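I have placed the structure first, in the form of structure tokens, so that the comments after it can refer back to it.
Residue numbers run from 1 in the order of the sequence given. Worth saying up front: this structure is predicted, and the values here are computed from it rather than measured.
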Amino acid sequence: DHDVDADHDADADHDADGDHDGEGNAGWSEVLAFFGVGRVPFMVVWVTLFLFCGFAGIFLNRVFFVKAGGNYAAWYFVIVLFIAFVIGLIGVRLFSKMAAKVVDVGGKGATAKHELAGKIGVVASAVVDEKFGEIRVHDERGNEILVHGRLQAGEAALKRETRVVLIDFDPQTELFWVSALPEMDSNQSPKN
């Protein structure tokens, strides 16, 4: 005799006013975006802020010390800190605008392999067979990428410069399943 007793209590209460959750963060994200966060690597923003703040603080502390005749009051530090922080933020804004011209500001980054499925490529290795082969393919931004692929069992090996289509990506073996692209007349277009 087996007695199997399974109780399941699914109580799904949903917050009806959940649309207010993200409103407080919208202002901060706009401020951070103004200073380049999200457009350039965060390390560029972080290091630039501290470099500008640090050097401005050293310079301003020296100015206050000389102007005060060597009697540096403790409250000068608060003024110097505020001014140095503002100078740092201005420096970050200017430097991030310059750096954005050098780095990928589209936020797309590198193409994931599985995103190449369905693309047309050209055999780059001597042959592509059931075991292995190399294929040159272009991603959405026109970058040429070399990927590894293989044919389905029973298909004839394909030679270099043969046009192929990347059918599917196998994440276990990190290989694409490829197939020869049928030859067409110049007035025909490939069908998907």
How far does [atom1] of [X] sit from [atom2] of [Y], to the nearest 0.5 angstrom?
| X | Y | atom1 | atom2 | result |
| --- | --- | --- | --- | --- |
| Lys131 | Thr173 | NZ | OG1 | 14.5 Å |
| Phe85 | Phe52 | CZ | CZ | 14.0 Å |
| Glu134 | Phe176 | CD | CZ | 13.5 Å |

Non-hydrogen side-chain atoms of [X] and [Y] separated by less than 4.5 Å:
| X | Y | result |
| --- | --- | --- |
| Ile120 | Val137 | no |
| Val178 | Ile135 | yes |
| Val147 | Leu116 | yes |
| Val78 | Phe82 | no |
| Arg62 | Ile58 | no |
| Val127 | Leu158 | no |
| Ile79 | Phe64 | yes |
| Glu115 | Phe169 | no |

Check your understanding: Is it the case that more than 12 heavy atoms not belonging to Tyr76 sit under 6.0 Å from its OH atom?
Key -> yes
Review point. For Arg136, does the CZ atom have more than 12 heavy-atom neighbours from other residues, nucleotides or ligands under 6.0 Å away?
Key: yes
Treating Ile, Leu, Val, Met, Phe, Trp and Tyr as nodes and any side-chain heavy-atom pair under 4.5 angstrom as an edge, say whether [X] and [Y] lie in one connected cluster.
| X | Y | answer |
| --- | --- | --- |
| Ile83 | Val80 | yes |
| Val164 | Leu175 | no |
| Phe65 | Trp75 | yes |
| Leu166 | Val128 | yes |
| Ile87 | Phe59 | yes |

Check your understanding: Taking Arg160 for the side chain and Ala124 for the main chain, is one N or O donor matched with an acceptor at less than 3.5 Å?
Key -> yes
Check your understanding: Looking only at atom types and distance, does a side-chain atom of Asn143 sit under 3.5 Å from a main-chain N or O of Asp139, one as donor and one as acceptor?
Key -> no
If you take all heavy atoms of [X] and [Y], which pair is closest and at what distance?
| X | Y | answer |
| --- | --- | --- |
| Gly133 | Ser125 | CA-OG, 3.6 Å |
| Ala157 | Asp129 | CB-CB, 4.2 Å |
| Ala84 | Cys53 | O-SG, 3.4 Å |

Exercise for review: Given side chain to side chain contact (heavy atoms under 4.5 Å, CB included), test Ile167 with Val165 step by step and report yes or no.
Suggested key: CA-CA 6 Å; Ile167 297 174; Val165 61; 4.2 Å; yes
Review point. Aromatic ring centroids of His148 and Phe132 under 6.0 Å?
Key: yes
Side-chain atoms of residues 89-99: list all donor-acceptor pairs with protein atoms under 3.5 Å, sequence neighbours left out, distances to 0.1 Å.
residue, atom, partner, partner atom, Å
Arg93, NH1, Phe34, O, 2.7
Ser96, OG, Phe35, O, 3.4
Ser96, OG, Val92, O, 2.9
Ser96, OG, Arg93, O, 3.1

Revision key, fill the gap. So the salt bridge (charged side-chain N to carboxylate O under 4.0 Å, His left out) pairs with at least one residue in residues 146-155 (sequence neighbours excluded) are Arg150-Asp170
